[in-house]
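So the structure is just underneath, and the comments pick up after that.
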Number of protein chains: 2
Amino acid sequence: MKTTIRDVAREVSLSHTTVSRVLNGREDIAIPDITRRRVEEAARALGYRVNPAARALATGRTGVVSLWASGVYRAFWADVIVQVEGQARRAAYELIINDLSARVGRPADDDPSVWPIDGILALGCPAEVAAYLALPASQRQPLVSMGVYHNEKTDFVGLELGGATRQALRHLLSVGCRRIAYVGPLNLNADDPRRVAYEEEMRESEKAPQMMGVPGGSHRGTRAAARRLIIDYHKTHGLPDGLFCHNDEIAIGAYRGLCDLGVRVPDDVAIVGCDGIEDTEYLETPLSTIALPLEAMCEQAWRLLSRRWAKPEASVEGVHLPAQFVPRASSLRAPA
Amino acid sequence: MKTTIRDVAREVSLSHTTVSRVLNGREDIAIPDITRRRVEEAARALGYRVNPAARALATGRTGVVSLWASGVYRAFWADVIVQVEGQARRAAYELIINDLSARVGRPADDDPSVWPIDGILALGCPAEVAAYLALPASQRQPLVSMGVYHNEKTDFVGLELGGATRQALRHLLSVGCRRIAYVGPLNLNADDPRRVAYEEEMRESEKAPQMMGVPGGSHRGTRAAARRLIIDYHKTHGLPDGLFCHNDEIAIGAYRGLCDLGVRVPDDVAIVGCDGIEDTEYLETPLSTIALPLEAMCEQAWRLLSRRWAKPEASVEGVHLPAQFVPRASSLRAPA
DNA sequence: ATGAAAGCGCTAACAA
DNA sequence: TTGTTAGCGCTTTCAT
């Protein structure tokens, strides 16, 4: 059987209460050093390990934080997981990963199997976040909403894409692009900040917007789908001379498609992607992209969560983090 | 306050015992359908959510599985996380991610903050796995060891790289490489199966082995380090005509370095990588690689874990999964 | 078909 | 300085 604090207590002829106090390092309670030592030694000797379920039941805190994401496949989510895991570890928390996109049936808020966590970091997942926030406050844990699609009704760290997108588009215009298409998922939201910025910029520069829809959303086959899309367009509609891609996966696929067709990048077609994933640097023609401040986002999110634990009643706090346009060879050519 | 089964019981004028039985779907206990319905309705109305900490304390099972990995940065680990998360979710388990590489201090086995999980899936982490297995059985949970560096003293799913590596090297020889270097981390294990296969093949074909060490291990800067290494070698030692790269990150970096130097791939230097990450397909010259059966690995690992839960006393079972060499343009040229 | 009572291992008032 | 006692919310015998 597992050793419990009572076993340890018996060993040193003390009450389990004292053992609990020692093992929890309660310096606020006067206990002679000799006693402490004896307890610690006995605990070690017996191989005592705390039972967090019991502790959680007694304290109401679990030491676990959940990361909500919808589809862990997008390359930058691995980065987010690493960052968040690091934050959690440093704070002696455990991290549970919940891929909500794959969740069958109802959203997480009425999924009874969800572990009782002390807090939630949600990357995107706007629908689930909204549903969760609709629960009575007594039934919720603190939730920090992160990402491009964040929710400002709770603590949040927003990734702002509008400025960088505008910059990217002006850049494309400045190198002489006259027909810039937006390559994004078929079911793209009308109020996606990239799309909004795109439409505004096109209007302002009096160019016709052109949406190119990649079927199938952004899953692992995105690159292949984008590649095919480009090849199809080449045959049917002809190609634009500039591509703003909704994300780097799409950009990489599109780039590949162009290479297959023998189209030169950036000379014939200039490309800009979005997300700043590492792969974009290692193509023969490194892709221009929009870099996301992921590390800062995760840091801030953890800070907000800690703050919420410390002051449950504090008013909502949010941070806006601007993304940054990173011009690279795929869109650099002599100005028109 | 949170609603408990007692609240629900009060609402329907039954004992909390009955409520528990209904809510757990205990069909083995005779309860009239009307009663069941009433209970379920009340539970819904009151917004009842089970408290898993309490359940865990009562049952001794937590419904949580931990994934040990050492450095979540390697590209294919995102895939592993997705796969494992999927397996867990389908079985109504939660997944905790533990990045042991970043763990300061002692290995996980004496880290008291580790949540009591029902089982562990360990990808690599040979040292931590060995330390864990050294604990008395009564203090451990089932652990399945996965990956190239797996431990066969517990249930395991081994990734076998030897065969594919040999195939890759013979392939390089067959296209005329006469000087094949192994590009790997500086601190590479002497018994790494890739390295062993490399040394054997070199011996058998009477070629001199040449190790090229990438500083810094396989972290996010690997690509950059490999790129630099290649460039340095070009100046100092001259370049081999074939590169077997320890992993795809290194291969991509090396490839990039060669491009920078104007060296043609595969004509001047042929490259093979290892891991089968997606990026290798999207370079102008797609890289030959060794594809890992990750999906099968995760499936098998979950199967073994379930089996262990069902039969705690069963004898150790293990599976060996061979990796597969995937020749692509980076090593395809007319045979010598 | 339903309930009473015990107990999972721990923390935390309250006593001594 | 240490111990007693009472839960935390749930599952599970054992009665009825």
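Treat the numbers as computed from the prediction; the structure is a model and nothing was measured. Chain letters run A, B, ... following the sequence lines, proteins first and then strands; every chain starts at 1.
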(request) Measure from the side chain of A:Arg55, starting at C-beta and using heavy atoms only, and say which of C:dC10, C:dT2, C:dG9 lies closest. (result) C:dC10
(message) With a 4.0 Å limit, can you tell me whether B:Ser20 has a side-chain N or O closer than that to the phosphate oxygens OP1/OP2 of D:dC10?
(response) no
(message) Under 4.0 Å, counting only non-hydrogen atoms across every strand here, what does A:Ile5 touch: a base, just sugar-phosphate, or nothing?
(response) base
(request) Round to a whole Å and report the spacing from CZ of B:Arg10 to C1' of C:dG3. (result) 16 Å
(request) Rounded off to whole Å, could you give me the CD-to-P distance for the A:Glu27 and D:dT1 pair? (result) 12 Å
(request) Specify the residue among A:Thr17 and B:Leu14 whose closest nucleotide of DNA chain C lies further upstream toward the 5′ end. (result) B:Leu14
(message) Side chain of B:Ala54, heavy atoms from C-beta onward: which of D:dG9, C:dG9, D:dT2 has the nearest atom to it?
(response) D:dG9
(request) Could you state the atom-to-atom distance from CG of A:Asp7 to C1' of C:dC8 in whole Å? (result) 13 Å
(request) Between B:Pro32 and B:Thr59, just flag the one whose closest nucleotide in DNA chain C comes earlier from the 5' side. (result) B:Pro32
(request) Figure out the CG/P separation between B:Asp28 and C:dT2, and round it to whole Å. (result) 15 Å
(request) List the atom of B:Val8, the atom of B:Ala42, and the distance in Å for their closest heavy-atom pair. (result) CG1-CB, 4.1 Å
(message) Quick check against the 3.5 Å criterion: does B:Asn98 have a side-chain atom that pairs as donor or acceptor with the backbone of B:Trp68?
(response) no
(message) Would the distance check show the side chain of B:Ser20 and the main-chain N or O of B:His16 forming a donor-acceptor pair, the cut-off being under 3.5 Å?
(response) no
(request) Would you please say whether a donor-acceptor pair under 3.5 Å links the side chains of A:Thr18 and A:Ser15? (result) yes
(request) Tell me whether the OP1 or OP2 atom of D:dT11 has a side-chain N or O from B:Asn24 closer than 4.0 Å. (result) yes
(request) Could you tell me whether the phosphate oxygens of C:dA4, OP1 or OP2, come under 4.0 Å of any side-chain nitrogen or oxygen in B:Ser15? (result) no
(message) Tell me the interatomic distance from B:Asn51, atom CG, to D:dC10, atom P, rounded to whole angstroms.
(response) 6 Å
(request) Just compare D:dG9, C:dC10, C:dT2 and give me whichever is closest to any side-chain atom of B:Ala58. (result) D:dG9
(message) How close do B:Val316 and B:Asp155 get, counting heavy atoms only, and between which atoms?
(response) CA-OD1, 3.5 Å
(request) Grab the CD1-P distance between B:Ile31 and C:dG3 for me, whole Å please. (result) 10 Å
(request) Check whether any side-chain nitrogen or oxygen of A:Thr4 sits under 4.0 Å from OP1 or OP2 of C:dG9, and answer yes or no. (result) no
(request) Taking only Lys NZ, Arg NE, NH1 and NH2, and the carboxylate oxygens of Asp or Glu, determine whether B:Arg89 and B:Glu85 approach each other closer than 4.0 Å. (result) yes
(message) With hydrogens left out and only the distance checked, is there a donor-acceptor pair under 3.5 Å joining A:His16's side chain and the base of D:dT4?
(response) no
(message) Side chain of B:Arg21, heavy atoms from C-beta onward: which of D:dC10, D:dT4, D:dT13 has the nearest atom to it?
(response) D:dT13
(request) Take the protein atom CG of B:Leu57 and the nucleotide atom C1' of C:dG7, then report the distance between them rounded to whole Å. (result) 9 Å
(message) Without decimals, in angstroms, what is the distance between A:Leu23 CG and C:dA12 C1'?
(response) 16 Å
(message) With a 4.0 Å cutoff (strictly under), does any side-chain N or O of B:Arg26 reach OP1 or OP2 of D:dT11?
(response) no
